[in-house]
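Okay, structure first, notes after.
As the structure lists them, so they are numbered: ligands from 1, and atoms in each ligand from 1.
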Amino acid sequence: MPFVSAIDLPSPARAAPGAGRVGLWTVHHHRVVASTNPLAAFLPAWHAVRADQQTRGVGRTGRHWVSDLGGLWLSAVLPTPGPRKAWSILPLAVGWAVISALRELGLRDVRLRWPNDLMVGPRKLAGILVETHQPATAVVGIGLNVFNSPERDVPELAGQTTSLQQLLPGDYDLGQLTTLLLDALARVQTQIAEGHFAHIAEDLNQSWGDPRPVELWLNPHPSLALRGSFHGIDPEGRIVFQEANGPRRLLSPEQVALLRECEKL
Ligand code: BT5
């Protein structure tokens, strides 16, 4: 299917100025915003907000997300009808959907780090923040480094980030990449809505790579770290964690405050 750029399309009559249609989606494009997630928070399903720059990009638990010019900063509102529990896999599945989209471009070595960071080796290519502001929708925030260099803004990130351009040099169009990601999100939404949980969990487990030594901190005792290895997730989205010299445990995402990969146990 040929790419259709969100911002190249004529605005439909009912769309806001600066908005364009991409398939099911209405995409609102801004030059500079504080963060695209709160702008999307009260938009209806199948609306998305993209910005060229964010002055206050946010990561999980309030961490700062560097959003310099040349990256793709996108928040998409997905419908999440039915019981809430059915959507608990969404944050994990979004990471997998973004990986699938990048593989369509030819990027092979990208893997997931729980819950949904996209990594190439030890460097972070993209981050995802899923929030619920209204009962039947979720705001999916995706930050993907394309031509930008976050470490230029925040030198402490040197050696920790990478970009699409570094990994797979090309003449990318951020509008076309937006379309690619939104298509992938629409597909994963359908799969979850149709109950293909086990299939998603199976695919996700391939995206994590081999079991990895990790430290993890459980809620509500974030000072106590457990050491062991991460073996993926079960069909209900719980972490399969093998404690060093201990039992294998199943941990729901809400139980885990932080998971950090380490060199060895
Ligand atoms: C995330 O948080 O990875 C979620 C990032 C979500 C960003 C999108 S952009 C569109 C939407 N609007 C927003 O305001 N947010 C969403 P977390 O796992 O907490 O990772 C944050 C950590 O990643 C930081 O503490 C840094 O170490 C690192 N980091 C910050 N900016 C980065 C960048 N551009 N590339 C790679 N790593 C970065």
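Taking any N or O of Asn148, backbone or side chain, none lies under 3.5 Å from an N or O belonging to ligand 1. At a 3.5 angstrom cut-off on N or O pairs, Ile142 does not count as close to ligand 1. Considering backbone and side-chain atoms alike, Val58 places an N or O below 3.5 Å from some N or O of ligand 1. Of the N or O atoms in Trp73, none lie within a sub-3.5 Å distance of an N or O in ligand 1. Residue Ser35 places at least one N or O, backbone or side chain, under 3.5 Å from an N or O of ligand 1.
Under the 4.5 Å side-chain criterion, counting only non-hydrogen atoms from C-beta, Val77 is not in contact with Gln134. A 4.5 Å side-chain heavy-atom check between Leu118 and Leu112 finds at least one atom pair inside the cut-off. With contacts defined as side-chain heavy-atom distances shorter than 4.5 Å, the pair Ile142/Leu181 qualifies. Looking at Pro115 and Arg60, their side chains come closer than 4.5 Å, going by heavy atoms from C-beta outward.
For atom 30 (C) of ligand 1, the nearest non-hydrogen atom from the set Arg60, His64, Arg50 comes from His64. When the options Arg63, Arg56, Glu131 are ranked by their closest heavy atom to atom 25 (O) of ligand 1, first place goes to Arg63.
Distance alone, capped at 3.5 Å, is enough to place a donor-acceptor pair between the Gln189 side chain and the Pro79 backbone. Under a 3.5 Å cut-off, the side chain of Asp68 and the backbone N or O of Ser149 do form a donor-acceptor pair. A donor-acceptor contact shorter than 3.5 Å links the side chain of Thr80 to the backbone of Thr137. In this structure a side-chain-to-backbone donor-acceptor pair under 3.5 Å is present from Trp87 to Pro81. Between the Asp117 side chain and the Met119 main chain, no donor and acceptor come within less than 3.5 Å of each other. Distance alone, capped at 3.5 Å, places no donor-acceptor pair between the Asp153 side chain and the Glu151 backbone. A donor-acceptor pair is defined here as one N or O able to donate and one able to accept, closer than 3.5 Å; such a pair exists between the side chain of Gln54 and the backbone of Thr36.
From the protein, the heavy atom lying nearest to atom 35 (N) of ligand 1 is Asn145 ND2, 2.8 Å. The nearest heavy-atom contact from the protein to atom 3 (O) of ligand 1 is Lys124 NZ, 2.8 Å. Closest to atom 26 (C) of ligand 1, if we only count protein heavy atoms, is Leu157 CD2, 3.7 Å. Among all protein heavy atoms, the one lying closest to atom 31 (N) of ligand 1 is Val66 N, 2.9 Å. Shortest contact from atom 10 (C) of ligand 1 to any protein heavy atom: Thr36 OG1, 3.3 Å. Scanning all protein heavy atoms for the shortest distance to atom 38 (C) of ligand 1 gives Trp65 CZ3, 3.3 Å.
Near Gly57, the atoms of ligand 1 lying under 4.0 angstrom from a non-hydrogen atom of the residue are 14 (O). Applying the 4.0 Å criterion to heavy atoms of Ser75 picks out, from ligand 1, the atoms 11 (C). Listed by atom number, the atoms of ligand 1 under 4.0 Å from Leu74 heavy atoms are 10 (C). For ligand 1, the atoms sitting less than 4.0 Å from at least one non-hydrogen atom of Pro150 are 33 (C), 34 (N), 35 (N), numbered in the order shown with element in parentheses. Per-residue contacts place Asn37 under 4.0 angstrom from the following atoms of ligand 1 (heavy atoms of the residue considered): 11 (C), 12 (N). Ligand 1 places these atoms under 4.0 Å from at least one heavy atom of Asp117: 3 (O), 18 (O). Of all atoms in ligand 1, listed by their number and element, those nearer than 4.0 Å to a heavy atom of Ile128 are 3 (O), 4 (C), 5 (C).
Proximity of Leu125 to ligand 1, defined as any heavy-atom pair under 4.0 Å, is not found for any part of the residue. Only the side chain of Thr161 comes within contact range of ligand 1, with a heavy atom under 4.0 Å; no backbone atom does. Looking at Gln54 against ligand 1, only its side chain comes within 4.0 Å, counting heavy atoms.
Residue Arg123 places every heavy atom at 4.0 Å or more from ligand 1. By the 4.0 Å heavy-atom criterion, Ser67 is excluded from the residues contacting ligand 1.
Below 30°, between 30° and 60°, or above 60°: for Trp208 and Phe230 the angle between ring planes is above 60°, a perpendicular geometry.
For the 3.5 Å distance criterion, the side chains of Ser163 and Gln165 fail to qualify, holding no donor opposite an acceptor. Between the side chains of His28 and Thr26, no donor N or O sits under 3.5 Å from an acceptor N or O.
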Item to complete: Could you walk me through whether His231 and Asn205 pass the side chain to side chain donor-acceptor pair (under 3.5 Å) test, one step at a time?
Response: CA-CA 8 Å; His231 289 253; Asn205 279 338; over 6 Å; no
